[in-house]
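Notes follow once the structure below has been shown.
Remember, it's 1-based here, ligands and their atoms both numbered in the order they're listed. The first residue of the sequence shown is numbered 1, and numbering continues consecutively from there.
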Amino acid sequence: MSEYAQLIIDGKEHTLPVIEGSEGEKAIDIRSLRNSTGYITFDPGFGNTGTCRSAITYMDGEKGILRYRGIPIEHLAEHSTFVETAYLLITGKLPTNDELTNTSVMLNDFSLLHENMKVFYQNYPPKAHPMGILSAMVNAMRSFYPELVDIDEELNKTFLRLISKIRTMAAMAYRISMGHQPVTPRPDYCYCANFLHMMFDSAVVPYVKDDDLVKALNVFWILHADHEQNCSTTAVRVVGSGKVNIYATISAGISALWGPLHGGANQAVINMLETIHKNGMSIEEAVARARDKQDPFRLMGFGHRVYKTYDPRGKIMKQMCDIILGKLKINDPLLDIARKLEEVALEDNYFQEKNLYPNVDFYAGIVLRAMGIPTNMFTVMFAIGRLPGWIAQWKEDLTDPEMKISRPRQIYSGNTISDYIPIHKR
Ligand code: SDX
C-alpha cells in the first residue's frame, strides 16, 4: 500500500490512505472514516480541509506562489491578456492565434444585452449597490437564454456569453446610477477597452482609448481571475454540485464575493484609508487599533487564509499604482497612507507573529480610483475578473467523477430530546 495514516480510536487502529498532488501536497483521505469509525472530522471554515482535486490553480502560501494551469501569475500579468488568461483557465491550454481571434469575435458578438433586461435597471433605487444588481442580472440570464444543450458547443457559447455580458451589465449599472444613458460597445475595441468605453464615453467628452490604462485593466483582471478554493469559488462549487444552472451558480458566487472579508475588502480598504485621512489618524494609531481585539477597526487588505507571506498579486498591484498614478500624474494621499501603513505594520510584531501581509486588495482600490472607477464598483471589478475562474471551477466540478452533491456533516450542540409543552402550560 502506498503512504497511509494510522488513527487509533478507542484502542482500535484505523488506516487511512494518503493522497498526493502534482506539487507534492499531501492529504489524508477520510472518505471512509465515518463508516469505519463512526467519527467525522471537525474543521469550521475548512482551513485544513481539501474539498476537491483541482488542476486549475496552484498556490503556495508560504512561498507566495500563484500559477494558473502551471504558468506563474507574474508571467501572465506581464505577457498575457485577460481574454487569453480566461481561455487558459477554462480550457486548460493557451489559445492558438485562431482560437483567440474566434474567442474575441464571439465576446464582441455577445456584448449587447437583451432589451427586456435593460428594463430591470430602471426599477432599482439610484443608490442600489451594483453587486446586488449584478447578481440579480446574471441570475436573470437563465430566463433569457436556453439551458445548456450540448455540454461542449453550447457550454463554450454560454461561457463567452456570460464573460461578455457581465462587463456590459456592470458598465450599465454604473451609467444608470449616474443618470446617464448606457453606451453601446464598439466592435473594434478589445474586451478591456470596450469596458472602459462603456463606462466613460460621453457625447461631451468622448472616451479616448489609452493603451496603458487598457493594459492596466488587463493586468487587474488577470490578477483576479482565479484563486483555487476561496470563499466565492467554494460557493460556486457547492451551489453547482446540486446541478443548478450556471447562471444561478455564478450569481451565488457574486453574492459570496460581496462581503468585506472577501471581495468587498477592496472597497473596505479605500473606506479605511479615507477614514484615516479624513480623521487625521496617525499610522501608529491605526496599527495599534488594528491590533486591539476590543476595537472593531481592522487593517483591511491585510491578512490571508493561505498566504503567510506577501500576496504575489499584491506586489504586482503595488507596482501598478506607481505606473498608473505616474502616467496620469495623480498624487493620491491615500497611496502615501497605504505605503506608510504597510511599512509600519510589517515592522510590527503583532503582524509579524500572525504572518499578516498585504493581500491583493490592499492596493487594488488605489489603482481603480486612479482609473476613475467609483468605490462602490470595486467589488464588481473583482467579480468580472473572477468570472473565468468560477466558470473553470464549476466545469471541473461538473465533470469530476469523484465529485457529488456537497453535504457536510456537523457536531450537534443543541437540546437533547424534550417533550412538546402545550402553549397554555408554558
Ligand atoms: C480575498 O481566500 C482567498 O483566496 C481570497 C482572495 C481571492 O482571491 O479569492 O485572496 C480574496 O478575499 C483577500 C482577503 C480580503 N480580506 C481582507 O483584506 C479583510 C481583512 N483580512 C481579515 O479579515 C483576514 O485576514 C482574512 C479574512 C483575510 C483571513 O481570515 P482567517 O484566515 O480566518 O484568519 P483569522 O481571521 O483567523 O486571523 C488570524 C489572526 C486573528 O487573530 P487571533 O484571533 O489569532 O488573535 O490574525 C488576526 C485575527 O484577529 N487578523 C487581523 C487581520 N487579519 C487577521 N488582525 C488585524 N487586521 C487584519 N486585517
Donor-acceptor pair, distance only, cut-off 3.5 Å: does the side chain of T15 make one with the backbone of Q6? no
Classify the angle between the aromatic ring planes of Y357 and Y310 as parallel (below 30°), tilted (30 to 60°) or perpendicular (above 60°). tilted
If you apply the rule side-chain hydrogen bond (donor to acceptor under 3.5 Å, both in side chains), what do you find for T375 with Q267, and how did you get there? CA-CA 6 Å; T375 306; Q267 181 171 346; over 6 Å; no
Please confirm whether Y350 approaches ligand 1 to less than 4.0 Å, judged on its heavy atoms. yes
F42 atom CZ, neighbour heavy-atom count above 12 within 6.0 Å: no
Measure the distance from atom 9 (O) of ligand 1 to every protein heavy atom, then report the residue, atom name and distance (to 0.1 Å) of the closest one. R386 NH1, 2.9 Å
For ligand 1 and F302, I'd like to know whether there is a polar contact (N/O to N/O, distance under 3.5 Å). yes
Checking a contact table here: which protein heavy atom is nearest atom 47 (O) of ligand 1, and how many Å away? K354 CD, 3.5 Å
Are the charged groups of E74 and K315 less than 4.0 angstrom apart, N to O? no
Are F195 and W221 close enough that their ring centres sit under 6.0 Å apart? yes
Quick one: nearest non-hydrogen protein atom to atom 59 (C) of ligand 1, plus distance? R298 CD, 3.6 Å
Quiz question for you: does at least one protein heavy atom lie closer than 4.0 Å to atom 1 (C) of ligand 1? yes
Mark the output for M59 as yes if a heavy-atom distance to ligand 1 is under 4.0 Å, and as no if none is. no
Below a 4.0 angstrom heavy-atom separation, can you tell me which part of Y307, side chain or backbone, both or neither, approaches ligand 1? neither
Distance filter under 4.0 Å to R305 heavy atoms, resulting ligand 1 atoms: 29 (C), 31 (P), 32 (O), 33 (O)
Determine whether more than 12 heavy atoms belonging to other residues, nucleotides or ligands lie under 6.0 Å from atom CG of D295. yes
Would you confirm whether any non-hydrogen atom of the protein falls under 4.0 Å from atom 21 (N) of ligand 1? yes
Check L66, N355, L356, N359 against Y307 for a side chain to side chain contact (heavy atoms under 4.5 Å, CB included) and give me the one that passes. L66
Measure centre to centre between the rings of H262 and H227, then say whether the value is under 6.0 Å. no
List the closest protein heavy-atom neighbour of atom 28 (C) of ligand 1: residue, atom name, distance to the nearest 0.1 Å. G303 O, 3.6 Å
Of V360, V269, L299, L261, which has the heavy atom at the shortest distance from atom 60 (N) of ligand 1? L299
Atom 39 (C) of ligand 1 within contact range, any protein heavy atom under 4.0 Å: no
Shortest protein heavy-atom distance from atom 4 (O) of ligand 1, along with the residue and atom involved: H227 ND1, 2.6 Å
Note the single closest protein heavy atom to atom 42 (O) of ligand 1, along with its residue, its atom name and the distance in Å. K293 NZ, 3.1 Å
Taking distance alone, with N or O pairs closer than 3.5 Å, would you say H262 contacts ligand 1? yes
Suppose we measure from atom 52 (C) of ligand 1 to each protein heavy atom; which comes out shortest, and what is that distance? L356 CD1, 3.6 Å
Which heavy atom of the protein is the closest neighbour of atom 18 (O) of ligand 1, given with residue, atom name and distance? G301 N, 2.8 Å
Ranking M300, E228, R289, R313 by closest non-hydrogen atom to atom 8 (O) of ligand 1, top hit is R313
Would the number of heavy atoms belonging to other residues, nucleotides or ligands and lying under 6.0 Å from CG of L33 be above 12? yes
Quick one: does any side-chain atom of K93 pair with a main-chain N or O of L88 as donor and acceptor, under 3.5 Å? no
